[in-house]
Q: 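So that we are looking at the same thing, I have put the structure below in structure tokens.
A note on names: the letters A, B, ... follow the listed sequences, proteins ahead of strands, and every chain is numbered from 1.
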2 protein chains.
Amino acid sequence: MTRIPAQERRAALIGAALRVVSRNGIAQATTRAIVAEAGMSLASFHYAFDSRDELMDELISTVIENTRRAIMPEDLADGALVDVIEAGVVRYFEHLKADPEHEQAMLELTQYALRSPERHPLAQAQYRRYVELAEQSLEIAAERSGAVWHVPVAQVARVLVAFTDGLTLTWLVDRDDAASLAVAHAAADALSRMADPR
Amino acid sequence: MTRIPAQERRAALIGAALRVVSRNGIAQATTRAIVAEAGMSLASFHYAFDSRDELMDELISTVIENTRRAIMPEDLADGALVDVIEAGVVRYFEHLKADPEHEQAMLELTQYALRSPERHPLAQAQYRRYVELAEQSLEIAAERSGAVWHVPVAQVARVLVAFTDGLTLTWLVDRDDAASLAVAHAAADALSRMADPR
DNA sequence: GTCTATACACCGATAGAC
DNA sequence: GTCTATCGGTGTATAGAC
């Protein structure tokens, strides 16, 4: 009925798609379910996108772009490096608990991307972004606590991303908060040993 | 044509299903693809199983049962605890590299199970089994190196499973062997600090 | 028990009226 | 540009001959 610019329509559909994936899983994210979520007709979908595949690509790319909420947030506490890192990981854990479906959607989108050679690079870009954000946080953390990394920060960041992924996956399965805090503690311990106090 | 007991047929279909999921992903694991892989007709499927859902449940359960290849294999080296653990994680990593599609299939099956309330317990059982196997390995590792855990071994094992999951997921994305070895090293470092040398 | 043939729902995508 | 109606294809599941 109302005329909506194609760009807005694309954005609305991508938002709807992410909500559907979060709520019901990627298997249920059919074009029909997505347009229903967006309150559009099926034909409008194919006016905005050539195909469902094109939307999925766009969705993954958008999701990478919007990963501003870093592995560890901006405002880090002061203190010993190990404590700063642990606080950051715990902060991420709180974020995970606040919106588990979102992180589950991220995991599903990654797995989905890994299954086709054309999309695999999208997953790699997603993880490069994760590592980049982790790297920034770790540099700030070292600065705050007056420590110096004696391992390339990029490598430390890659380990942090791996540990964070593991925390996420295992918690999504067993929802064991105490166990995940132990993971956060162990992760911070291991990471902090890659730096020397100054 | 030939008469095959229902039980054998079920086993053959489950094996075929796992191969299809490994090779092409869970989204492609349709009943048609599975019976084609097993060399059966479509009707034979529904003679052996009431529904596709029933096969998926059975597949996940079977996969749990067959997780004998522990997170860390039986024959652990002697030496300092940290080295024994790292060797074990590296051994798992070699296993991952030898058959990445299998581990990818495990991850997809877990994610799939998480999406329905009835199947979530299956995923939890899968992870309890992982933790149990990790626990056994960690007990042996401590024994070999003459160390004593000062944290409940079950908790250490849960952390090991999380770290291993993270190593798996990140490696499947970027295939960065060096980075994954760094993850293995950091993981062993953190875990070994949960024990005291005797 | 095992097959071929088919029912029926839902998928992505498009035609054509407005 | 946006809709309703529909196409062709594929999904799970079943009927009925053998």
Side-chain angles (χ1 to χ4, degrees), chain A residues 1-21 23-61 108-109 111-113 115-116 118-119 122, chain B residues 1-60 105 108-109 111-113 115-116 118-119:
Chain A
M1 198 64 82
T2 37
R3 237 156 243 243
I4 299 173
Q7 204 50 41
E8 274 182 44
R9 210 164 261 277
R10 287 170 73 96
L13 284 166
I14 288 168
L18 182 57
R19 287 195 300 278
V20 172
V21 174
R23 194 169 59 240
N24 301 330
I26 198 165
Q28 305 298 320
T30 63
T31 52
R32 290 180 142 90
I34 293 166
V35 296
E37 174 74 25
M40 292 182 198
S41 73
L42 193 51
S44 296
F45 180 95
H46 287 287
Y47 179 77
F49 290 98
D50 281 352
S51 68
R52 182 180 175 278
D53 277 3
E54 190 185 316
L55 172 118
M56 293 308 290
D57 287 355
E58 197 85 9
L59 171 57
I60 296 172
S61 301
E108 289 187 31
L109 288 172
Q111 298 273 110
Y112 170 80
R115 280 298 179 182
S116 88
E118 316 92 76
R119 266 185 283 268
L122 288 176
Chain B
M1 198 67 80
T2 38
R3 237 159 246 242
I4 299 173
Q7 203 50 42
E8 273 183 42
R9 208 163 263 276
R10 286 170 73 97
L13 284 166
I14 287 168
L18 182 57
R19 287 196 299 279
V20 172
V21 173
S22 296
R23 195 169 58 240
N24 302 331
I26 199 166
Q28 305 299 319
T30 62
T31 52
R32 288 180 140 95
I34 293 167
V35 296
E37 173 74 24
M40 292 182 198
S41 73
L42 194 50
S44 296
F45 180 95
H46 287 286
Y47 179 77
F49 291 98
D50 282 351
S51 69
R52 182 180 174 277
D53 277 3
E54 190 186 315
L55 171 119
M56 294 306 290
D57 287 355
E58 197 85 9
L59 172 57
I60 297 173
E108 289 186 31
L109 287 172
Q111 297 273 109
Y112 170 78
R115 279 299 180 182
S116 87
E118 316 91 76
R119 265 185 284 267

Q: Take atom CZ of R32(A) and atom P of dA9(C), then tell me their distance rounded to the nearest Å.
A: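 Rounded to whole Å, this separation is 13 Å.
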Q: Drop me the distance from I34(A)'s CD1 to R32(A)'s CZ, to the nearest 0.5 angstrom.
A: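 One gets 12.0 Å once the value is rounded to the nearest 0.5 Å.
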Q: Please name all residues satisfying side chain to side chain donor-acceptor pair (under 3.5 Å) with R115(B), sequence neighbours left out, ordered by chain then number.
A: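 Listed in chain order: E108(A).
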Q: Taking atom CE of M40(B) and atom OG1 of T31(B), what is their separation to the nearest 0.5 Å?
A: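 M40(B) atom CE to T31(B) atom OG1 measures 13.0 Å (nearest 0.5 Å).
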Q: Could you identify which residues of residues 42-57 of chain A place a heavy atom less than 4.0 Å from some atom of DNA chain D, listed by residue number, or say none?
A: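 Nucleic-acid contacts, sorted: A43(A), S44(A), Y47(A).
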Q: Kindly say if R9(B) contacts the phosphate of dT2(C), meaning a side-chain N or O under 4.0 Å from OP1 or OP2.
A: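 For dT2(C), OP1/OP2 do have a side-chain N/O of R9(B) under 4.0 Å.
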Q: When you compare the side chain of M56(B) with that of I26(B), does any pair of heavy atoms fall below 4.5 Å?
A: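 Sidechains of M56(B) and I26(B): in contact.
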Q: Separation of Q28(A) atom CD from dG11(D) atom P, in whole Å?
A: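 Whole-Å distance recorded here is 16 Å.
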Q: Only pairs at least two apart or in different chains count here, so list each ring-ring contact (aromatic ring centres under 6.0 Å, His included) that has a residue in residues 21-48 of chain B.
A: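 Sorted pair list: F45(B)-F49(B).
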Q: Quick one: pull up CD1 in I60(A) and CG in L18(A) and give me the separation to the nearest 0.5 Å.
A: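 With rounding to 0.5 Å, CD1 (I60(A)) is 11.0 Å from CG (L18(A)).
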Q: Identify whether any heavy atom of T30(A) sits under 4.0 Å from a base atom; if not, whether one sits that close to sugar-phosphate; answer base, sugar-phosphate or nothing.
A: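 Sugar-phosphate only.
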Q: From CD1 of I34(B) over to C1' of dA13(D), roughly how many Å is that when rounded to an integer?
A: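 Those two atoms, CD1 and C1', are 14 Å apart.
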Q: Using a strict heavy-atom distance below 4.0 Å, which residues from residues 16-26 of chain B are in contact with DNA chain C?
A: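 By residue number: none to list.
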Q: Using the ring pair (Phe, Tyr, Trp, His ring centres under 6.0 Å) criterion, which residues pair with Y112(B)? Sequence neighbours excluded.
A: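 Per chain and number, Y112(B) pairs via ring pair (Phe, Tyr, Trp, His ring centres under 6.0 Å) with no residue.
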Q: Could you name each residue pair satisfying salt bridge (Lys or Arg N to Asp or Glu O under 4.0 Å) that touches residues 41-52 of chain A, not counting sequence neighbours?
A: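 For residues 41-52 of chain A, and leaving out neighbouring residues, there are no salt bridge (Lys or Arg N to Asp or Glu O under 4.0 Å) pairs at all.
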Q: Please tell me if T31(A) has a side-chain N or O lying less than 4.0 Å from either OP1 or OP2 of dG12(C).
A: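 Looking at the OP1 and OP2 atoms of dG12(C), one of them is under 4.0 Å from a side-chain N or O of T31(A).
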